[in-house]
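This report concerns only the one structure given below.
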Amino acid sequence: MYRILVIEDEEDIQEILRNYLTAEGYEVAVAGDGVEGITRFHSGSFDLILLDVMMPKIDGFGTCELIRRESDVPIIMLTALDEEEYQIRGLDLKADDYITKPFSAPVLMRKIAAVLRRSHKEESQQEIYYRGLRLDLAGHRVFVQEDGAWTEAELTQKEFELLHVLLINKGLVLTRQKLLNLVWDEDYFGEERIVDTHIKNLRKKLGQNYITTIRGVGYRVDKENEKQSYR
């Protein structure tokens, strides 16, 4: 599980970032200014830092410079300063990305994932996160997040494969026949309603309804909401 350090002095933005990051499956630590951020950075190992620029004690530029003296940990800077000179300054300090406020939280989550992929040079995705759901592909295990804690859901092999197929096709409606072909393979000649039974079992075991029924067509896992923006 990736660990992310958020260094941000505005408590409402701290909370927004913490909620989104936690929902994506990241472990999150928060600091309210540059001094606390440096202390937190030294107290643990982090995979990425979200760093605000306008902060008391030590601003984001100074904090980034201090961190860069001893670490190449990926840094994404967040700021209301959208002038080109500030962006250039942040990039010159070897920040990996520079995002201006107000920002789209879902877009930020994707930028974080992209930076992590580049920094860790992942050859293939080993885990999938979706709205408090985590699939460990290598371990063939599923975890559901509740009140900040991850609990394993005991799924059968077919239930796991069915969930996996739906998640990697988010936003697409998959017919029963398509799901049969993908999960049970094309040689399966049994009853299509076996898909309905497995969907029902998945909903019960996961404790939440991640799967939408499209009447007369099939099933779909919705894409994450990309409409909201936050300052």
So, D9 side chain and G32 main chain: donor-acceptor pair closer than 3.5 Å or not?
-> no
When hydrophobic residues are tied together by side-chain contacts of less than 4.5 Å, even through go-betweens, does I99 share a cluster with I88?
-> no
On the 0 to 90° scale, with breaks at 30° and 60°, tag the Y98-F61 ring pair as parallel, tilted or perpendicular.
-> parallel
Determine whether V6 and R18 make a side-chain contact, defined as any pair of heavy atoms from C-beta on separated by less than 4.5 Å.
-> no
Under 6.0 Å from the NZ atom of K205, do we count more than 12 heavy atoms belonging to anything else shown?
-> yes
Given side chains that start at C-beta, do those of T63 and F41 come closer than 4.5 Å, heavy atoms only?
-> no
CG/D97 to CE/M77 distance, rounded to the nearest 0.5 angstrom?
-> 11.0 Å
Please report the shortest heavy-atom distance between L51 and G60, naming the atom on each side.
-> CD2-O, 3.3 Å
Under a 4.5 Å cut-off applied to non-hydrogen side-chain atoms, are I112 and L21 in contact?
-> yes
Quick one: pull up CD1 in I199 and CG in L163 and give me the separation to the nearest 0.5 Å.
-> 8.5 Å
Treating Ile, Leu, Val, Met, Phe, Trp and Tyr as nodes and any side-chain heavy-atom pair under 4.5 angstrom as an edge, say whether L172 and V183 lie in one connected cluster.
-> no
With side-chain contact (heavy atoms from CB on, under 4.5 Å) as the test, would you mind laying out the steps for R134 and Q145 before giving the verdict?
-> CA-CA 8 Å; R134 174 161 62 96; Q145 189 176 52; over 6 Å; no
Test item: K101 and I13 side chains (from C-beta on) under 4.5 Å apart, heavy atoms = yes
Side chain proximity check, L206 to V142, heavy atoms < 4.5 angstrom | yes
Identify whether the distance between the nearest side-chain nitrogen and carboxylate oxygen of D222 and R220 falls below 4.0 Å.
-> yes
Could R68 and E65 be called an ion pair, given the rule that one side-chain N must be under 4.0 Å from one carboxylate O?
-> no
Distance, nearest 0.5 Å, that separates CD1 of I76 from CG of L48 = 5.0 Å
Between D52 and T79, which heavy-atom pair has the shortest distance, and what is it?
-> OD1-CA, 4.2 Å
Is the charged tip of R3 near the ring of F46: under 6.0 Å from the six-membered ring centre and within 45° of its axis?
-> yes
E146 vs T151, side-chain contact (heavy atoms from CB on, under 4.5 Å): CA-CA, chis, key distance, verdict = CA-CA 8 Å; E146 186 175 354; T151 302; 5.6 Å; no
side-chain contact (heavy atoms from CB on, under 4.5 Å) test vs L202 passes for just one of L155, T156, T197, namely L155
Closest heavy-atom contact between L108 and F103?
-> CD2-CE1, 3.9 Å
Using atom types as modelled and distance alone, determine if a side-chain donor or acceptor of S71 lies under 3.5 Å from a backbone N or O of I67.
-> no
Rounding to 0.5 Å, atoms CG (L91) and CD1 (I75) come to a distance of 11.5 Å
Considering residues at least two apart in sequence or located in another chain, which fulfil the side-chain contact (heavy atoms from CB on, under 4.5 Å) criterion with R193?
-> R176, E191, D196
Locate the shortest heavy-atom distance separating G132 from W150; write the atom from each residue and the value.
-> O-CZ3, 3.6 Å
Intermediate values then yes/no, side-chain contact (heavy atoms from CB on, under 4.5 Å), V144 and L133 = CA-CA 5 Å; V144 179; L133 195 63; 3.8 Å; yes
Closest contact, heavy atoms only, R118 versus D96 | NH2-O, 4.3 Å
Grab the two heavy atoms, one from E24 and one from Y129, that are nearest each other, plus how far apart they are.
-> O-CG, 2.7 Å
Let me see the working for Y219 and V195 under side-chain contact (heavy atoms from CB on, under 4.5 Å), right down to the final yes or no.
-> CA-CA 10 Å; Y219 296 97; V195 175; 4.0 Å; yes
Y26 side chain reached by L116 side chain, heavy atoms, under 4.5 Å = yes
Value rounded to 0.5 Å, distance of CG in D47 from CD in E27 | 9.5 Å
Does the R203 side chain pair with the main chain of I211, one donor and one acceptor, at a distance under 3.5 Å?
-> yes
Side chains of H42 and E70 in contact at under 4.5 Å (non-hydrogen atoms) | yes
From Y210 atom OH to R131 atom CZ, the distance as rounded to the nearest 0.5 Å | 9.5 Å
Using links of under 4.5 Å between side-chain heavy atoms of ILVMFWY residues, direct or through other members, which residues join V173 in one cluster?
-> I214, V217
Main-chain N/O of E8 paired to Q14 side chain as donor or acceptor, under 3.5 Å = yes
Close side-chain approach of L17 and I4, heavy atoms under 4.5 Å = no
